[in-house]
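Atoms within each ligand, like the ligands themselves, are counted from 1 in listed order.
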Amino acid sequence: MSVQRIAVIGAGTMGGGIAIAVLLSGLAVELVDRPEVRERAQARIERYLDGLLSRGRLGAGDKPELLDRLTWRSGVDALSGPEMVIEAVSEDPAVKGEVLAGLPRDFGGLVGTNTSSLSVSALSRFAPDPHRFLGLHFFNPAERMALVEVVPGALTSEETLSAAAAFVRAIGKEPITAPDGPGFIVNRVARPIYLEALRLVGEGGATVEAVDRLVEGMAFPLGPFRLMDLIGIDVNLAVSESVYRQLMDQPRLRPHPLQRRMVDMGRLGRKSKLGFYRYE
Ligand code: NAI
């Protein structure tokens with residue numbers, strides 16, 4: 001199956017970025033999200049294209065042509081027969097389950113979940129066909145990050161895997177297969193880094209700035225606090241909780257109270273203009 005028309009459900013941090021990557025590769029995308037989210041997401045997409053235009057990476061006529069290939073839909077019922085649906089809604093199994101269960105049962109295309117940590121096999125029971133369902137874990141910002149973890153669930157067919165990998169390459173990214181375990185590869189390996197950094201700061205032993213600067217000095221592009229701000233502290237907390245639960249509450253992976261406190265204060269990172277740092 002060749003994937004030409006894509007629908008993305010959820011136009012937040014990740015869904016918006018995935019839509020940009022799809023548009024830049026010349027394909028069409030239908031975006032589904034709540035009406036109140038649309039304006040912000042559309043503005044973010046246009047801002048990104050304007051940036052490319054000002055750096056000479058897009059021609060004058062490219063922006064309208066790209067935007068022509070973007071269609072907003074009020075719900076999955078309004079989709080016009082895409083070959084692939086990617087869900088990028090909140091990292092909550094109930095929300096994801098409801099979205100997947102809401103897809104038409106006779107949907108004949110592929111369904112990918114952009115979950116960061118939830119079991120693809122467990123989510124597959126909500127999909128129209130578990131054989132045509134898999135994890136497609138993009139990284140933030142999805143419009144720029146090249147890698148995608150491709151995660152087969154227990155029932156994902158070989159045909160689905162190869163079509164999905166071909167789609168990932170077609171949008172200029174590199175698919176890497178990862179096992180369907182808590183946090184796959186990247187979020188499993190990264191979890192102790194975030195948690196140790198939170199513990200250090202929580203114990204009063206170091207500042208947020210010092211941890212970030214030193215970790216960045218070790219050739220990490222972003223320190224753990226700047227990265228949590230970019231990801232969204234709410235999303236990072238949801239992933240921490242999910243990995244912790246799935247690994248049977250191992251104490252070393254227990255989420256830190258500072259994460260919960262930040263979320264309760266509405267300090268979600270860049271998206272709320274205030275997280276561990278302040279953003280204009
Ligand atoms: P977000 O909170 O920025 O966006 C989620 C969007 O889903 C919101 O716009 C919300 O309105 C929409 N939504 C919720 N329920 C919906 C429904 N029933 N129908 C349509 N839209 C609905 O979250 P973000 O950060 O984009 O995360 C989305 C997924 O991507 C999560 O599973 C997350 O774990 C994963 N992810 C996040 C990364 C990050 O750095 N933020 C990186 C990689 C994966």
(message) Under the criterion salt bridge (charged side-chain N to carboxylate O under 4.0 Å, His left out), I'd like the reasoning laid out for R260 against E241: C-alpha separation, chi angles, the key distance, then a yes or no.
(response) CA-CA 10 Å; R260 162 67 53 211; E241 286 174 339; 3.2 Å; yes

(request) Provide, to 0.1 Å, the distance between atom 13 (N) of ligand 1 and the closest protein heavy atom, together with that atom's residue and name. (result) V89 CG1, 3.7 Å

(request) Enumerate the atoms of ligand 1 whose separation from the nearest heavy atom of I231 is less than 4.0 angstrom. (result) 39 (C), 40 (O), 41 (N)

(message) Quick check: do L198 and F276 have side-chain heavy atoms less than 4.5 Å from each other?
(response) yes

(request) Starting from atom 20 (C) of ligand 1, find the nearest protein heavy-atom neighbour and note its residue, name and distance. (result) I9 CG2, 3.7 Å

(request) Going by the side chain to side chain contact (heavy atoms under 4.5 Å, CB included) test, name the single residue among V208, D212, V201 that passes it with P224. (result) D212

(request) Please identify which atoms of ligand 1 are closer than 4.0 Å to at least one heavy atom of T115. (result) 32 (O)

(request) Decide ring-ring contact (aromatic ring centres under 6.0 Å, His included) for H137 and F139; before the verdict, give the C-alpha distance in whole Å, the side-chain angles of both, and the deciding distance to 0.1 Å. (result) CA-CA 7 Å; H137 183 223; F139 293 91; 4.7 Å; yes

(request) Of the side chain and backbone of V37, name the one, both, or neither that has a heavy atom under 4.0 Å from an atom of ligand 1. (result) side chain

(message) When you measure from the heavy atoms of F138 to every atom of ligand 1, does any distance fall below 4.0 Å?
(response) yes

(request) Decide whether S117 and E91 meet the rule of one side-chain donor and one side-chain acceptor closer than 3.5 Å. (result) yes

(request) For V99, take its heavy atoms, then give the atoms of ligand 1 lying under 4.0 Å from any of them. (result) 17 (C), 18 (N)

(request) Tell me which protein heavy atom sits closest to atom 2 (O) of ligand 1, plus the residue, atom name and distance to 0.1 Å. (result) K271 NZ, 3.9 Å

(request) Salt-bridge test for E174 and R169: reply yes if a basic N is under 4.0 Å from a carboxylate O, no otherwise. (result) no

(request) Answer side chain, backbone, both or neither: which part of K96 comes under 4.0 Å from ligand 1, heavy atoms only. (result) side chain

(request) Say whether S242 and Q246, considering side chains only, have a donor N or O and an acceptor N or O under 3.5 Å apart. (result) yes

(request) Specify the protein heavy atom at minimum distance from atom 36 (N) of ligand 1: its residue, its atom name, and the distance to 0.1 Å. (result) S116 OG, 3.2 Å

(message) Below 3.5 Å, N or O to N or O, backbone or side chain included: is there any such pair between E91 and ligand 1?
(response) yes

(request) Do me a favour and list the nearest non-hydrogen protein atom to atom 8 (C) of ligand 1 with residue, atom name and distance? (result) D33 OD2, 3.5 Å

(message) Just to confirm my output: which protein heavy-atom neighbour is closest to atom 23 (O) of ligand 1, and how far is it?
(response) V235 CG2, 4.2 Å

(message) Any atom of ligand 1 sitting under 4.0 Å from a heavy atom of A88?
(response) yes

(request) Examine the proximity of ligand 1 to M14 and report which part, side chain or backbone, both or neither, has a heavy atom under 4.0 Å away. (result) both

(message) To the nearest 0.5 Å, what is the distance between CG on L268 and CE on M262?
(response) 9.0 Å

(request) Using a strict cut-off of 4.0 Å, indicate which atoms of ligand 1 neighbour a heavy atom of G10. (result) 7 (O), 12 (C), 21 (N)

(request) Please work out which of V148, L268, T13, N236 has its closest non-hydrogen atom nearest to atom 1 (P) of ligand 1. (result) T13

